[in-house]
Amino acid sequence: MNPYEKLMQIARGKSPWVYCVNTGACNGCDIEVAAGLTPRFDAEQLGVVRQGSPKHADILIISGPVTLRTRDALLDIYNQMPNPKAVVAVGSCPASGNIFAGSPTVYGAVDQFIPVDVYVAGCPPRPQAILQGIAEAAELLASGKQKNRKEVKE
Ligand code: SF4
């Protein structure tokens with residue numbers, strides 16, 4: 001099933017609202033996320049609505065490695081999201097630190113701090129792959145199989 005079909009099926013029950021956070025990305029992944037949510041690929045018509053507050057979101061989309069400066073903000077944003085919630089890590093940076101690994105200002109992978117439900121590979125991934133990741137996260141939420149249940153310690 002392609003991501004559009006999957007999202008259409010899921011959106012009939014509940015539209016997955018998303019909140020995007022850049023924890024230190026080069027902006028490459030953010031541009032692809034924006035392309036996925038705006039009219040070219042148009043996930044919004046399938047109910048994937050970008051929210052301005054984490055308190056209104058079901059899915060957290062993360063780009064970039066976690067840096068020393070963004071770690072606390074990331075945990076704060078994560079803890080503000082109501083349960084159930086899912087996390088999608090977009091690109092190689094939140095998976096491993098990627099080209100930023102080893103920098104003295106970078107922690108690296110996101111899963112050192114919060115559980116990740118779906119990884120979208122690429123540097124950067126294409127918008128279609130990001131939509132597939134969002135669709136998989138929405139499916140996990142619909143089935144109650146997401147990893148994220150509790151607050152994490154700040
Ligand atoms: S995965 Fe690549 S494109 Fe995405 S933030 Fe990291 S370096 Fe930039």
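As the structure lists them, so they are numbered: ligands from 1, and atoms in each ligand from 1.
Glu136 and Gln132 form a side-chain donor-acceptor contact under 3.5 Å, judged by distance and modelled atom types alone.
Counting only distance, with no hydrogens or angles, the side chain of Asn22 and the backbone of Ala25 share a donor-acceptor pair below 3.5 Å. Checked by atom type and distance alone, the side chain of Ser92 pairs as donor or acceptor with a backbone atom of Gly122 at under 3.5 Å. The main-chain N or O of Trp17 is found under 3.5 Å from a side-chain atom of Asp58 such that the two form a donor-acceptor pair.
The six-membered or imidazole ring of Phe113 lies away from that of Tyr78, with a centre-to-centre distance of 6.0 Å or more.
Residues passing the side chain to side chain donor-acceptor pair (under 3.5 Å) test with Tyr19, sequence neighbours excluded: none.
Below the 2.8 Å limit, atom 2 (Fe) of ligand 1 has as protein N, O or S neighbours Cys123 SG.
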